[in-house]
Amino acid sequence: MKVEFSQRLNKLPPYLFAEIDKAKRKARAEGADIIDLGIGDPDQPTPNHIIEKLNEASHDPANHRYALDQGMDILRAAVKKWYEARFGVSLNHSDEILPLIGSKEGIAHIPLAFINKGDYSLVPEPCYPPYKGGTILAGGTPFIMPLLEENNFLPRLDKIPNRVLKKAKFLFLNYPNNPTSACAELSFYNEVVKFAKKHAIIVLHDAAYSEINFDGYKPPSFLQAKGACDVGIEFHSLSKTYNMTGWRIGWACGNKKIIAGLAKVKANTDSGIFSAIQLAGVEALNGPQEYIAAMCRLYQQRRDALVEGLNRIGWQAAKPKATFYVWVKLPKSHKASIKFAKFLLDEASIVVTPGCGFGQSGEGYVRMALTASEDRIKEAIERLKKVL
Ligand SMILES: *Cc1c(COP(=O)(O)O)cnc(C)c1O
């Protein structure tokens, strides 16, 4: 029998990181001392009190059964309280908050609720891959909005052609941004709400990095914009804030009709998050938060070591205000980011993520993650100095 993939599966863009990943594993197996600045995954452990809560909750047989699709009431209440305290946004926890098996799950599933064949998603690029992937899997078409340095890595909404606007269902946004580390202010979100109302477009804002911030800066929520709850939702996650990427827990919140659409898709595809993990999530949100500031100080020291080091050896890198990424423009002589990443791996045993892996608009850049120790970052700078 000839097994054939669906057309939609064939339409998904290739996974460009796979090649670098393979090369990295090969070099490591051959004994290379790899400095990995490629991983978008915290290197610090989940705080102990959260692990203890999981341990305790996992022994309770009540938590061994199917969880409720819409998440535990106490988790939604904890999210409500957290949003109020952090952003001054008040949400109704019965129908404006939906726990997710990691925010990626919700981002990838939501197009199934709203996208019809021939519809567009407006997708910023470079970007987190599921904005495109989820749209394509639902039969829609991503319309690429390049994020350019000259526009502070914000999309130019006025450049989207009318024929696209007529069939656009979604506007994806992500600030603080992966991979560019750019931030957006409330004034931008206010413009976005006006734009969304005018063209009847649903706004999907991904705020996974809002708590990884530096120098006293606090990124706003999209939901703080006036009227935001009329047009959109925000995705949030415990992954980066509490070093819980492997646990798979996040949420969507905002407009209740949009939440209801996503909930209906999920009711037909999964059966909720392991209850013990939900209770650990409640502990994360309600428990001591001092640890977050300490973690941000650690990333900030690494950021300073990396950016100052790069600038000393003649690059032009800027210090991000949030996220654990530095988005670095390649020197003029090195334009193809994938070649440059391979060169760094081969010649300096340093792993960086080529910008083109986030879409064509990321070409000419590499992403360096602050998920290695300060010492290793300083060592990376020494190695770069030698090979460049
Ligand atoms: C890490 C990350 C997330 C979080 O995904 P989870 O599925 O919640 O772990 C979401 N968006 C972006 C842009 C990310 O980089």
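Model, not experiment: these values are computed from the prediction. Remember, it's 1-based here, ligands and their atoms both numbered in the order they're listed. Values reported hereafter were calculated over all heavy atoms of this structure, with side chains retained and with hydrogens, waters and symmetry mates removed.
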Query raised in the report: When you measure from the side chain of Asp270 to the backbone N and O of Gly272, does any donor-acceptor pair fall under 3.5 Å?
Result: yes
Query raised in the report: Would you say the side-chain atoms of Gln224 pair up with the backbone N or O of Gly88, donor to acceptor, closer than 3.5 Å?
Result: no
Query raised in the report: Is the closest heavy atom of Tyr209 to ligand 1 under 4.0 Å?
Result: yes
Query raised in the report: Contact between Ser239 and ligand 1, counting heavy atoms under 4.0 Å?
Result: yes
Using every non-hydrogen atom in the two residues, find where [X] and [Y] come nearest and quote the distance to one decimal.
X	Y	result
Asp230	Asn255	O-ND2, 3.4 Å
Cys356	Glu363	CB-OE2, 3.6 Å
Lys169	Phe114	NZ-O, 2.9 Å

Query raised in the report: Any N or O on Thr245 sitting closer than 3.5 Å to an N or O of ligand 1?
Result: no
Requested in this report: Check whether any N or O atom of Ser103, backbone or side chain, sits under 3.5 Å from an N or O atom of ligand 1, and answer yes or no.
Outcome: yes
Query - Side chain, backbone, both or neither: the part of Asn174 lying under 4.0 Å from ligand 1 by heavy atom - result: side chain
Query raised in the report: Who gets closest to atom 1 (C) of ligand 1 by heavy atom: Glu105, Lys240, Met244?
Result: Lys240
Requested in this report: Can you pull out the closest protein heavy atom to atom 11 (N) of ligand 1? Residue, atom name and distance to 0.1 Å, please.
Outcome: Asp206 OD2, 2.6 Å
Report summary line: of all protein heavy atoms, closest to atom 7 (O) of ligand 1 is Arg248 NH2, 2.6 Å
Query raised in the report: Could you give the distance from NZ (Lys329) to CD (Gln316), rounded to the nearest 0.5 Å?
Result: 8.5 Å
Report summary line: Under 4.0 Å from one or more heavy atoms of Gly102, ligand 1 contributes atoms 7 (O), 8 (O)
Report task. Measure the acute angle between the ring planes of Phe188 and Tyr175, then classify it against the limits of 30° and 60° as parallel, tilted or perpendicular. Result -> perpendicular
